[in-house]
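Heavy atoms only: backbone and side chains are in, while hydrogens, waters and symmetry mates are out.
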Amino acid sequence: MIEPAFILVRPQMGENIGAAARAMLNFGLTRMRIVDPRDGWPNSRAVAMASGAGRLLDNAGLFNDVATAIADCDFVFATTARPRELVKPVVTPERAMEMARAMAAEGKKVGVLFGPERAGLENEDVALANAIVTVPVNPEFPSLNLAQCALLMGYEWRRQTEEIAPEIMGLARTEFAQRIDVEKLGDHFEARLGDAGFFYPEEKAEGMKLNLRNMWARLNLTRAEVQTFHGMLRQIAWKLKRQGDE
């Protein structure tokens, strides 16, 4: 599957080009194209800012105009925060990268245009694109810098092309407790709480025990946590027994 080409149109600062390269590589994107950079190319400041992503700059295509940069693309998105007096589909970054993935899976080439830092893409640039990508940002401060925009689009591309669980549990070198472990912990708590007279009045005791069992099951305890609770109960019982013997 051919990944989309990120096309930086008339970028003004080498540092922003380098930062965009880092953002791209964070999400596995390597196809960068640069159109008419203000400070020329290659740019030492871009290389310094790119850090470990310098190979993207080494392989970046350099073009004189947008039309040439997108000549081999089957579909082009233009990123912009400003309303345009152009009849084009306007999509979110998520939808854009969903479309890009589907097209890439069919062997088509997709380009994404990013405008210069100061004013963004010109209408003449946007007119060459098939669709506009707009982020629902604060209307009073809609401007994203080049690297931020590249990062956002790269993230959405990664989401569309990788199986990413929306939530995982970091177990820190332990594992979840088995149901039998949780049951034994419940037994231990019931015994200690019973000794302390917690289950009162008697007619409510069964309901109170059921609620406790439900709580233990809901907590998704690790084996280490279960052992910690056992240790706490044993220490409390030992301390109370010692005080009673004094």
Side-chain angles (χ1 to χ4, degrees), residues 1-80 93-121 125-126 128-131 133 135 143-165:
M1 182 163 52
I2 304 173
E3 67 190 54
F6 278 23
I7 304 163
L8 314 188
V9 179
R10 297 182 296 278
Q12 296 170 330
M13 297 177 62
E15 292 87 345
N16 287 336
I17 299 173
R22 292 183 64 175
M24 289 175 62
L25 195 55
N26 281 151
F27 297 103
L29 292 161
T30 59
R31 299 178 65 226
M32 174 182 280
R33 299 179 181 181
I34 304 171
V35 176
D36 190 23
R38 184 191 66 182
D39 296 337
W41 195 257
N43 186 298
S44 59
R45 292 183 175 180
V47 174
M49 189 66 184
S51 187
R55 61 190 175 91
L56 267 72
L57 304 182
D58 294 337
N59 297 321
L62 182 63
F63 299 86
N64 292 325
D65 55 62
V66 173
T68 306
I70 64 173
D72 65 337
C73 293
D74 298 294
F75 197 96
V76 177
F77 294 98
T79 62
T80 177
E94 180 180 18
R95 175 59 179 157
M97 292 299 94
E98 181 183 15
M99 294 168 63
R101 177 193 55 77
M103 287 184 280
E106 296 177 354
K108 295 181 179 179
K109 295 180 179 180
V110 176
V112 183
L113 299 176
F114 299 87
E117 297 89 325
R118 186 178 298 276
L121 295 168
D125 305 318
V126 178
L128 299 175
N130 301 92
V133 183
V135 181
S143 178
L144 296 175
N145 77 25
L146 179 57
Q148 289 174 325
C149 197
L151 185 76
L152 180 59
M153 297 297 288
Y155 168 71
E156 292 296 348
W157 169 258
R158 189 76 171 182
R159 288 183 62 217
Q160 294 297 329
T161 55
E162 297 288 331
E163 290 293 332
I164 302 172

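- Residues passing the side chain to side chain donor-acceptor pair (under 3.5 Å) test with R45: none are found, sequence neighbours excluded.
- No side-chain heavy atom of V135 sits less than 4.5 Å from a side-chain heavy atom of C149.
- By the salt bridge (Lys or Arg N to Asp or Glu O under 4.0 Å) test, R101 pairs with no residue at all, sequence neighbours left out.
- Taking every heavy atom of both residues into account, A104 and I2 meet most closely at CB-O, 3.2 Å.
- Here R33 pairs with D72 under the salt bridge (Lys or Arg N to Asp or Glu O under 4.0 Å) rule; sequence neighbours left out.
- Judged as a side chain to side chain donor-acceptor pair (under 3.5 Å), and not counting sequence neighbours, Q12 has no contacts.
- Remark: N16 engages M13, E117, L146 in a side-chain contact (heavy atoms from CB on, under 4.5 Å) (not counting sequence neighbours).
- Within the structure, every pair that satisfies the ring-ring contact (aromatic ring centres under 6.0 Å, His included) test and touches residues 31-80, not counting sequence neighbours, is listed here: F75-F77.
- D65 is linked by a side chain to side chain donor-acceptor pair (under 3.5 Å) to T68, counting only residues two or more places apart in sequence or in another chain.
- Annotation for N130 and D74: closest pair OD1-O, 4.3 Å, computed over non-hydrogen atoms.
- For the atom pair D39 CG and E15 CD, the distance stands at 8.5 Å (nearest 0.5 Å).
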Open item on the list: Test side-chain contact (heavy atoms from CB on, under 4.5 Å) on M97 and V133; report intermediate values, then the result.
Closed with: CA-CA 10 Å; M97 292 299 94; V133 183; over 6 Å; no

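- For the salt bridge (Lys or Arg N to Asp or Glu O under 4.0 Å) test, residues two or more places apart in sequence or in another chain that qualify with E156 are R159.
- Residues meeting the side-chain contact (heavy atoms from CB on, under 4.5 Å) test with V126, sequence neighbours left out: A78, R84, L86, K88, L121, I132.
- For the atom pair CG (L8) and CG (D36), the distance works out to 12.5 Å, reported to the nearest 0.5 Å.
- Closest approach of A67 and L128 over heavy atoms only: N-CD1, 4.0 Å.
- Atoms CE and CG, on M32 and D58 in that order, are 11.5 Å from each other to the nearest 0.5 Å.
- Heavy atoms of other residues, nucleotides or ligands lying less than 6.0 angstrom from CG of N64 number 12 at most.
- Annotation: salt bridge (Lys or Arg N to Asp or Glu O under 4.0 Å) contacts of R55 (sequence neighbours excluded): none.
- Closest non-hydrogen pair, I17 versus A46, comes out as CB-CB, 4.2 Å.
- The minimum heavy-atom distance linking G115 with T79 is given by the pair N-OG1, 4.5 Å.
- You'll find the side chain of V66 stays beyond 4.5 Å of the side chain of I7, heavy atoms only.
- Here the shortest heavy-atom pairing between P11 and I34 reads CG-CG2, 3.9 Å.
- Annotation: side chain to side chain donor-acceptor pair (under 3.5 Å) contacts of Q160 (sequence neighbours excluded): none.
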Donor-acceptor pairs are to be reported for all side-chain atoms of residues 20-31 against protein atoms at under 3.5 Å, with residues two or more places apart or in another chain.
| from | atom 1 | to | atom 2 | distance (Å) |
| --- | --- | --- | --- | --- |
| T30 | OG1 | E3 | OE2 | 2.9 |
| R31 | NH1 | E3 | O | 2.6 |

